[in-house]
Amino acid sequence: MQFIDTHLHLQDYKTGFATDILNSASSQGVEKVVCVSSLMEDWDKVAHFARTYASSVVPAFGLHPWYVRQAKPDWQQRLREFLIRFPQALIGECGLDRIKNPDDEPQNSVFYGQIMLANELNRPLIIHAVKAQDWLENYWDMLPPKFVFHSYNGKREVLKKIISHGGYVSFCASILRNADKEELVNMVPLDKILLETDGPYQGPDKNSEVTPAYLPTLAAEIAALRHENLEDFAMRVYHNAKEFIHV
Ligand SMILES: [Zn+2]
């Protein structure tokens, strides 16, 4: 079976080197990972991984809503430069988070700026949204053709909106701790499901760093919740990821 981890932060591991993490992932069939940025300081690091491990690391450049206040005034210009240098790069992660950051600005304008860049440069958009249901109402009709809500673990109503707008839904181990996990994972059409670890952060054990080698175990858990054959499910999700990241 082949897998693509559609969301992790290689630059954030405290235990383990990128080479070892990617080698052990590849021994489990995880052939690619999307290495996602959170803040401007990540962009050079993510670019370095994308150049060093060109066959396995797909870069994503963006500004996470937790860190929007730290962004320099020229962030939009710098982001555009990274995206032009890396034509395969996605945008993210970006979005809205009312738990960590209750203020509506600058997170709304920074999210809006990244949506506009995704439309202009035709790049997939990786969205982080937490307790942002009302704010999201302003954005549904302007999202780019390809977008994903990553680490989905939210409400049914928001999930319905993502699906009705043609978005992808990505699950990591956090969904397995949700009391409604069975219903939520079964709501998503098979051709819109993606899988991720959000490594090093959201693994099955909160006290240790999760690596992309965990992806086959996650796939087995989600396939079981959907009562699907693991090999068929893994193949579909792998193709979904390829379609999403255009490789
Ligand atoms: Zn993340």
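All ligand and atom numbering here is 1-based and tracks the order in the structure. The chain is numbered in sequence order, starting from 1.
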Inset, instruction - Just give me the atom name: the N, O or S atom of His7 closest to the Zn ion (ligand 1). - result: NE2
Inset, instruction - Quick one: report the N, O or S atom of Asp198 that is nearest to the Zn ion (ligand 1). - result: OD1
Inset, instruction - Would you check if the Zn ion (ligand 1) lies under 2.8 Å from any N, O or S atom of His9? - result: yes
Legend entry - Any side-chain donor near an acceptor of the partner, Ser56 and Glu31, under 3.5 Å: no
Legend entry - Cation-pi, Phe82 ring and Arg85 (6.0 angstrom, 45 degrees): yes
Inset, instruction - Tell me which N, O or S atom of Glu93 sits nearest to the Zn ion (ligand 1). - result: OE2
Inset, instruction - Take the angle between the ring planes of Tyr53 and Phe49 and call it parallel below 30°, perpendicular above 60°, tilted in between. - result: parallel
Legend entry - NZ or CZ of Arg78 within 45° of Trp43 ring axis and under 6.0 Å: no
